[in-house]
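I have placed the structure first, in the form of structure tokens, so that the comments after it can refer back to it.
Treat the numbers as computed from the prediction; the structure is a model and nothing was measured.
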Amino acid sequence: MNLEQLFLDNKEKTIEGRYLTLESIEPILQRLNTNNQLSVIGQSVQGRPVYKYIIGEGKTKIYLWSQMHGNESTTTKALFDFLNLLHGGSELAKMFLAKFTFCCLPMLNPDGATLYTRANANEVDLNRDSQNLTQPESKLLRAVFEEFKPDYCYNLHDQRTIFGVADTGKPATVSFLSPSYNEEREINGSRLKAINVIAEMNSVLQEFIPGQIGRFDDSFNINCIGDTFQYLGVPTILFEAGHFPGDYQREITRKYIFIALVSSFRMLSENDIEVNRIQEYLNIPQNKVVFYDFIYKKVKINYDGNEKLTNFAAQYKEELIDGKINFNAYIAKIDKLEGFFGHEVFDAQGAIYEDGEEDFPKLDQKANFSLGKNHKFVNGLIKK
């Protein structure tokens, strides 16, 4: 099976980029509502509808939700690509629909999506509200869980560009986690099922992005929804869509999330025997905060009359301006960059730093400067 071609054949072309709002996906939901699969299960803090989409007639029940954090849209795009596959009429689609029932909440936090914030409109992180259930969106997620009684939960997220695969110097393009169900981080039968699925997805993805799959930290926090559902005995898988080199719009990462979803369901549809792939899972290197978007090395600065060489880093902030996401680069770290990598690295070879002000880099300053006479940088990037 050509998984990359399968993605291209089913990619939802009406959505792209990082800013995905309810208005972006409602027309798709209506188009996919061919047999009353769509319903409104409640409202967000600001009164936006929260949709549920159910498709399939199979025995194994899969519960998927995305954009619990409003500014994490990559997995939402991949989820719609997968729903297109289910509507495509292929033999694979027919098999999935016969084996599974999929219950999807494609945008749990529509207010946060509009505001492009992690939290909801009450500034609450819904992924820390699984016990207190103070927010309407958290209550809806839990109510559907209790009503649907899933066999597997798919918790779909994005992660920042700061994450790498351990100390390898490779970005964590996709990361997974089978959350813990207790403080001791033990592995029971339920958690093992999620581990086995992750091991299979990792095996497939290594063919496409070798060395770029990470394993998220499994410290137990019962306030997190994945830990709660795992604690309640349902195998739960955390997806983290991360950075692929140059892919700040996450259109390439989107493909790999789609491939991971298809691979997981293909495994679950075929695997009738108990397996133990714990070691494969543990062999996936852990995520680690080791990246900046830009690193500038061997930069000469004149500080208090003394010339010295230093290194510094800049990081994008994703800022919503006039309905568009702007990637604005700010200086984030000066010196002491041992152990860190840059998605873009520039060796100044001793060129002098100038910015038209004090002529040395300062934290939180916009990354607009010159290195020597021939290299001008605007918003972190060299101007050509």
Side-chain angles (χ1 to χ4, degrees), residues 35 37-39 41 51-66 68 75-76 78-79 82-83 85-87 92-106 108 127 130 138-157 176-182 186-204 216 218 220 222 224-240 257-278 280-281:
N35 192 26
Q37 302 103 322
L38 185 66
S39 60
I41 56 171
Y51 288 98
K52 177 178 72 175
Y53 186 86
I54 294 186
I55 187 170
E57 299 177 346
K59 179 180 177 182
T60 303
K61 294 188 285 187
I62 311 290
Y63 187 27
L64 311 95
W65 63 95
S66 66
M68 166 178 266
T75 52
T76 303
L79 180 56
F82 178 71
L83 291 178
L85 166 64
L86 295 181
H87 278 267
L92 180 64
K94 292 175 184 176
M95 185 267 287
F96 281 165
L97 293 171
K99 291 272 189 177
F100 302 103
T101 300
F102 299 98
C103 177
C104 312
L105 307 186
L108 181 64
N127 203 27
S130 68
S138 307
K139 294 174 183 175
L140 292 172
L141 180 66
R142 183 60 176 270
V144 174
F145 172 85
E146 293 177 352
E147 176 190 6
F148 184 60
K149 296 180 173 56
D151 296 295
Y152 288 87
C153 289
Y154 282 51
N155 187 9
L156 305 173
H157 288 263
F176 298 110
L177 173 68
S178 172
S180 297
Y181 74 93
N182 63 6
E186 295 173 315
I187 297 175
N188 59 3
S190 173
R191 191 179 181 202
L192 178 59
K193 288 182 178 180
I195 283 172
N196 289 340
V197 174
I198 291 170
E200 176 64 18
M201 293 189 292
N202 173 64
S203 175
V204 173
F216 216 76
D218 68 349
F220 180 67
I222 193 63
C224 295
I225 195 65
D227 302 55
T228 291
F229 287 170
Q230 196 88 280
Y231 170 81
L232 293 171
V234 179
T236 300
I237 301 166
L238 172 70
F239 287 65
E240 294 281 356
I257 297 296
F258 171 86
I259 288 173
L261 290 171
V262 171
S263 301
S264 74
F265 301 132
R266 192 170 57 177
M267 173 201 168
L268 289 174
S269 68
E270 297 170 352
N271 185 20
D272 295 324
I273 60 172
E274 292 294 324
V275 294
N276 182 330
R277 300 177 72 170
I278 293 174
E280 284 183 66
Y281 173 76

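Rounded to the nearest 0.5 Å, atoms CE (Met68) and CG (Leu105) are 9.5 Å apart. The line from OG1 of Thr75 to CZ of Phe239 is 9.0 Å long, rounded to the nearest 0.5 Å. From Tyr63, atom OH reaches atom NZ of Lys52 across 8.5 Å, with rounding to the nearest 0.5 Å.
Residues passing the salt bridge (charged side-chain N to carboxylate O under 4.0 Å, His left out) test with Glu57: none are found, sequence neighbours excluded.
When side chains are defined from C-beta on, Phe145 does not count as touching Ile225, because their heavy atoms never get closer than 4.5 Å. Between Asn202 and Glu280, the closest side-chain pair of non-hydrogen atoms is not below 4.5 Å. Put simply, the side chain of Thr101 reaches to within 4.5 Å of the side chain of Phe148, judged on heavy atoms. Using a 4.5 Å heavy-atom cutoff, the side chains of Ser178 and Tyr281 are in contact. Annotation: side chain of Leu97 is in contact with side chain of Ile55 (closest heavy-atom distance under 4.5 Å).
Taking the ring centre of Phe265 as origin, the terminal cationic atom of Lys99 falls outside the region bounded by 6.0 Å and 45° from the ring axis.
Ring to ring, Phe82 and Tyr154 are not that close: their centroids are 6.0 angstrom or more apart.
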Exercise. Passes side-chain contact (heavy atoms from CB on, under 4.5 Å), Ser180 versus Gln230? Steps please.
Worked result: CA-CA 7 Å; Ser180 297; Gln230 196 88 280; over 6 Å; no
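With Phe229 as the partner, the ring-ring contact (aromatic ring centres under 6.0 Å, His included) test is satisfied by one option alone out of Tyr181, Tyr152, Trp65: Trp65.
In this structure, Tyr51 places its OH atom where more than 12 heavy-atom neighbours from other residues, nucleotides or ligands lie under 6.0 Å away.
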